[in-house]
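Below is one structure, written out as structure tokens; the observations come after it.
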2 protein chains.
Amino acid sequence: MVAKVFVSAQEVADRAGVSRSAVSRTFTPGASVSPETRARVMEAADALGYHVNHLARGLMRNESGIICLIASDVATPYRSALLRELTLQLQQGGKVAMLINTDRSDGSVDRALRQAIRYRADASIILSGLPDKSIAQLCLRSGQRLVLINRDDDQPGPLRINLDDHEAAGRVATAFVRAGCRRLAFANSEAGTPSLMAREEGFVAAATALGLAVTVERFGWTGYEAGKVLAQRLLTRRERPDAVFCATDLLACGFMDAARQQFSLTIPDQLCIAGFDDIEQASWSSYNLTTFSQPIREIASRAVEWLGAPIPEDHSPRRDSLRLKADLVWRGSIRGG
Amino acid sequence: MVAKVFVSAQEVADRAGVSRSAVSRTFTPGASVSPETRARVMEAADALGYHVNHLARGLMRNESGIICLIASDVATPYRSALLRELTLQLQQGGKVAMLINTDRSDGSVDRALRQAIRYRADASIILSGLPDKSIAQLCLRSGQRLVLINRDDDQPGPLRINLDDHEAAGRVATAFVRAGCRRLAFANSEAGTPSLMAREEGFVAAATALGLAVTVERFGWTGYEAGKVLAQRLLTRRERPDAVFCATDLLACGFMDAARQQFSLTIPDQLCIAGFDDIEQASWSSYNLTTFSQPIREIASRAVEWLGAPIPEDHSPRRDSLRLKADLVWRGSIRGG
DNA sequence: TTGTAGGCGTTATCAG
DNA sequence: CTGATAACGCCTACAA
């Protein structure tokens with residue numbers, strides 16, 4: 001007993017005294033089998049421990065049931081929450097998720113996509129980075145669907161799901177001003193992804209419209225530690241900001257900790273803070289952060305729904321670009337909520 | 001253009017003017033192909049966008065390259081960190097991870113395992129729950145390897161990776177006593193998993209040996225909110241504890257927040273706290289939590305390494321149970337670190 | 001080194 | 001409703 005021996009449909013057929021086809025039909029939803037045959041097959045299958053080989057089925061049907069999830073920083077609160085929701089809904093839709101980690105290096109996403117092709121994934125959902133045009137085209141040409149979440153790319157074919165980052169950021173500016181803040185700042189990472197930049201630009205634009213300047217600082221990667229450094233930089237300025245919009249909740253957490261512990265500032269009395277993502281920690285009472293909630297549920301359901309829908313024959317005018325709304329979650333880090 | 005049309009080896013062969021076998025060999029490491037042929041094949045493959053079909057390859061080789069990761073609560077800091085490491089190391093080993101979410105309902109793990117069988121996964125790594133004996137046996141019989149992480153189960157066959165929860169918990173008791181604490185408490189969830197219970201028992205046993213009693217409280221699931229409730233319960237006791245070991249960092253975070261904000265206690269002066277897992281938030285300066293680090297890297301590498309090793313022919317005396325050490329990470333939540 | 005033939009487990013097709 | 005047969009795309013002898 002060394003080799004891998006899964007039981008095949010033939011063995012089930014032999015035991016049940018029917019043909020392979022009968023077995024196949026028994027496990028194909030909506031096929032015509034007599035209740036009697038089905039019962040005998042099921043009994044034999046159970047006894048033998050038979051399970052349909054999805055590798056072979058995928059080969060025949062040209063549909064593997066595999067969906068590739070391509071992402072970096074999968075252990076991050078926001079990412080992991082999104083992945084959780086995606087895998088969950090994919091499962092409920094009868095699909096199975098293949099998770100591929102990318103890093104921020106060049107070609108990382110392309111390699112992942114190639115892996116997706118090798119396993120004949122029905123679709124790939126990209127949460128980080130951006131694939132090269134040629135490889136993306138290859139996916140599309142091969143009949144693989146593509147979903148891009150929060151990545152701005154305008155080549156046709158993939159479904160693009162984005163948030164209204166720009167507008168959302170504008171609403172924060174208004175909230176700050178209403179709270180009596182005048183010295184606005186934006187804390188960003190150096191990642192420079194479209195959604196991050198859209199938040200920055202939206203915030204600056206809205207503030208400008210309100211007649212206020214914004215101090216912008218960018219540092220490192222989008223994490224807790226970077227938030228601390230950003231606080232260091234922004235709070236030591238001569239004109240110390242009285243309101244800071246952090247591009248990300250993780251940045252905000254680091255920023256708040258530094259502001260309180262190194263600068264002895266009280267929030268929101270001396271300093272108002274807002275974040276983005278509504279990660280779980282934002283609701284922890286140490287932070288109690290006012291932030292924007294990513295509509296994770298909806299992002300996932302829209303993606304899964306789109307994947308399940310039939311491919312339009314004639315490049316129909318279906319909207320393949322979704323713009324979802326991020327709701328402001330009022331907590332205690334801005335005065336007068 | 002509706003159907004899914006991936007390019008096949010035959011097409012590459014036609015274009016390169018060679019046989020299918022030549023193409024196959026070109027993509028099989030260690031096969032004998034002349035550099036000339038290989039070059040022509042590669043050129044054709046690149047031009048056509050050919051990628052080996054791993055579904056078909058798996059069918060032939062009886063080895064899909066797929067490893068199933070079975071877990072619940074995948075968005076939790078500890079879980080997501082472990083998943084990250086596993087997927088990463090699996091990728092580096094040329095495998096690909098299939099992620100299956102389970103919930104805490106009965107049969108959830110069994111369903112996941114059946115999915116693993118359907119996709120002919122080479123192995124399944126279980127991070128949550130416990131499979132039914134019969135389905136686990138079926139996996140093993142089918143040649144699928146099984147790895148259980150932090151789940152106590154004694155049926156032979158799977159690789160079991162556990163921590164020295166019991167001993168580790170004992171070390172915390174000593175640390176508390178050394179810090180001058182006398183009124184010890186243990187905050188646990190009601191999940192009752194073996195590792196959680198081992199921590200509880202280890203802590204109580206060590207405290208008893210030191211001549212101290214332990215107040216044990218259990219509530220809810222292993223999360224932040226439960227930690228707050230546990231604080232509520234433990235800190236309102238007449239004999240208020242001066243040291244609390246929380247079964248999990250997440251519990252500890254909730255506990256600390258409640259202790260500080262609702263009971264105005266300072267840590268570690270009035271209350272010492274310890275946790276377990278060393279999640280990222282434990283190092284955030286709001287918590288600065290003394291805790292045990294899960295050797296995530298090693299857990300993953302041991303699992304992957306074991307999966308890569310050949311199956312012993314004769315039920316050889318290979319150790320299929322690993323007991324890894326959790327190191328105490330000293331931070332500021334216990335006096336006198 | 002190369003090509004040919006057969007088979008992996010499944011489903012789709014088509015008689016019966 | 002059932003059973004035989006031909007694919008699906010690939011790999012592994014085997015012979016050239």
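Residue numbers begin at 1 in each chain, while the letters A, B, ... track the order of the sequences.
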Sequence neighbours excluded, which residues qualify as ring-ring contact (aromatic ring centres under 6.0 Å, His included) partners of A:Phe27?
->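 For A:Phe27, the residues satisfying ring-ring contact (aromatic ring centres under 6.0 Å, His included) (neighbours in sequence not counted) are A:Tyr50.
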What residues, two or more places apart in sequence or in another chain, satisfy ring-ring contact (aromatic ring centres under 6.0 Å, His included) together with B:His51?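 Once residues adjacent in sequence are excluded, B:His51 has no partner under the ring-ring contact (aromatic ring centres under 6.0 Å, His included) criterion.
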Within a reach of under 6.0 Å around [atom1] of [X], are more than 12 heavy atoms found that belong to other residues, nucleotides or ligands?
X        : atom1 : value
B:Gln155 : CD    : yes
A:Arg323 : CZ    : yes
B:Asp46  : CG    : yes
B:Glu298 : CD    : yes

For the helix from C:dT1-D:dA16 to C:dG16-D:dC1, measure the angle between the helix axis at one end and the axis at the other, each built from five pairs, rounding to 10°.
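The helix from C:dT1-D:dA16 to C:dG16-D:dC1 shows an end-to-end axis angle of 40°.
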Going through the checks in order, is the side chain to side chain contact (heavy atoms under 4.5 Å, CB included) test met by A:Thr28 and A:Arg61? CA-CA 12 Å; A:Thr28 302; A:Arg61 290 211 183 148; 3.6 Å; yes
- Item | Range on DNA chain D touched by chain A, heavy atoms, distance below 4.0 Å |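 Going 5' to 3' along DNA chain D, contacts run D:dC1 to D:dG9.
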Among B:Ile66, B:Ile67, B:Leu307, B:Val304, which residue meets the side chain to side chain contact (heavy atoms under 4.5 Å, CB included) test with B:Lys95?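 Checked B:Ile66, B:Ile67, B:Leu307, B:Val304 against B:Lys95; only one passes side chain to side chain contact (heavy atoms under 4.5 Å, CB included): B:Ile67.
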- Query: Can B:Asp152 and B:Arg160 be counted as an ion pair, charged N to O under 4.0 angstrom?
  - Reply: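 Salt bridge: no.
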Scoring nucleotides 7-16 of chain C by protein non-hydrogen atoms under 4.0 Å (B base, S sugar-phosphate only, - none) yields BBBBBB----
* Asked: Tell me the salt bridge (charged side-chain N to carboxylate O under 4.0 Å, His left out) pairs involving residues 19-41 of chain A, sequence neighbours left out?
  ->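 Listed once each, the pairs would be none.
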